[in-house]
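Order of appearance sets the numbers: ligands from 1, and atoms from 1 within every ligand. Note that the structure is a prediction, hence the values are computed from the model and not measured.
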Amino acid sequence: MSKKKLVFSGVQPTGNLHLGNYLGALKKFVSLQKDMECIYCVVDLHAITVFQDPIQLNENILETTAGFLASGLDPDKSIIFNQSSVSGHAELAWILNCVSRMGWLNRMTQFKDKAGADKEKASVGLYIYPNLMAADILLYKATHVPVGDDQKQHLELSRDVAQKFNNDYKCKDFFPLPEPLISKNISRVMSLRDGTKKMSKSEESDYSRINLKDSADEIRKKIKKAKSDSEPIPDDIKMLEKKPEALNLLTIYAELSKTDLKKTIAEMSGKDYSLLKAKLTEILIEEIAPVGKEIKKLLNDKQQLKKILLKGSEKANVIAEENLKNIREKVGLI
Ligand code: TYM
């Protein structure tokens with residue numbers, strides 16, 4: 001039985017990658033590829049749990065791939081591919097649909113948020129989405145999964161599914177129980193308009209997020225308009241917790257300037273938010289604008305992006321098929 005460490009994570013190709021994806025996931029992906037075996041997936045089958053325009057989806061798959069590369073992922077170090085090109089994801093998802101329990105899925109808060117008031121109208125795919133996510137991870141027997149805090153509950157479900165499979169088929173330790181890797185400093189980047197909501201691709205106002213493709217000018221405008229507070233920056237974290245937008249700006253600034261939040265608060269307390277915003281704008285432009293430029297450059301050669309995905313899917317498929325052979329055997333399939 002292999003105890004090898006292996007990293008797996010995925011990002012949905014559903015539109016603009018933003019600062020939340022970058023700080024919550026992509027930066028971690030890049031640092032992990034230095035000394036661990038890593039598999040990073042553009043999860044297109046997850047994207048279609050909500051209707052996607054086919055032409056737009058096609059473009060988004062390539063744009064997310066470009067986002068991976070522009071953030072620093074190296075296809076010679078990490079396996080980079082799109083989910084639908086390795087059919088084992090769908091096959092294992094079916095097997096796990098039969099292991100996972102309705103009661104577990106009924107507790108998923110993301111389904112409740114995404115399905116909204118009329119759950120009857122949500123796709124079945126959206127409901128069983130977490131089982132496909134478990135399949136993504138377990139198909140490779142991944143041990144570590146870097147994600148933002150919003151994916152924590154799905155990761156717990158993946159662990160439950162792995163454990164139940166190991167118990168049901170009497171194969172202790174067959175699937176490792178995947179560990180979430182969630183940043184302690186910045187587990188959730190919040191909206192620039194409402195500090196109680198996470199920054200997301202789906203929020204209507206583009207002013208709620210910094211997109212990786214934003215120009216320096218757009219970043220400047222968005223930070224200028226970001227909600228903060230009329231009083232000077234307090235020196236007490238407890239006070240800041242009552243001002244979520246201000247706390248969010250400070251947390252992002254601390255993360256980008258590689259200091260901890262306490263030091264940042266000590267440096268900024270008593271000062272006006274305009275000073276924090278000026279510094280934050282500067283550091284965001286320095287870090288994000290080059291990523292955006294690189295995404296646009298990479299998108300000029302779509303054939304090259306497709307080649308990278310194809311090569312990645314070939315490598316992923318070898319691992320997937322080897323594992324699937326054993327999984328089918330455990331289940332009793334011929
Ligand atoms: P997705 O596409 O919504 O987001 C991709 C990654 O970005 C993180 N993230 C954030 N982190 C911090 N603050 C935010 N505001 C923020 N917004 C997004 C997410 O936590 C995620 O890590 N279900 C997953 C994709 C997936 C997956 C997997 C992940 C499919 N299969 C297997 C890990 C392992 C999702 O929808 O992520």
Atom pair NZ (Lys27) and CG (Leu19), whose distance is rounded to the nearest 0.5 Å: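 Between atom NZ of Lys27 and atom CG of Leu19 there are 9.5 Å.
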Taking distance alone, no hydrogens or angles, what donor-acceptor pairs closer than 3.5 Å link side-chain atoms of residues 317-334 to residues at least two apart or in another chain?
unit_1 : atom_1 : unit_2 : atom_2 : d
Asn323 : ND2    : Leu139 : O      : 2.8
Arg328 : NE     : Glu91  : OE2    : 2.8
Arg328 : NH2    : Glu91  : OE1    : 3.1

Assess the side chains of Asp194 and Ser191: does a donor N or O sit below 3.5 Å from an acceptor N or O?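 No, no side-chain donor-acceptor contact under 3.5 Å.
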Under a 4.0 Å N-O cut-off, is there an ion pair linking Lys279 with Glu282?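 So Lys279 does not pair with Glu282 through a salt bridge.
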Given a heavy-atom cut-off of 4.0 Å, could you list the residues near ligand 1 in chain and number order?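 Residues within 4.0 Å of ligand 1: Phe8, Ser9, Gly10, Val11, Gln12, His18, Gly20, Asn21, Gly24, Ala25, Val43, His46, Tyr129, Met133, Asp136, Ile137, Val145, Val147, Gly148, Asp150, Gln151, Ser187, Arg188, Val189, Lys198, Met199, Lys201.
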Residues in side chain to side chain contact (heavy atoms under 4.5 Å, CB included) with Met190, at least two apart?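 Met190 satisfies side chain to side chain contact (heavy atoms under 4.5 Å, CB included) with Arg188, Asn248 once adjacent residues are dropped.
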Can you list, pair by pair, the side-chain donor-acceptor contacts under 3.5 Å of residues 223-237, counting residues two or more places apart and other chains?
unit_1 : atom_1 : unit_2 : atom_2 : d
Asp229 : OD2    : Lys243 : NZ     : 3.0
Asp236 : OD1    : Lys238 : N      : 3.0

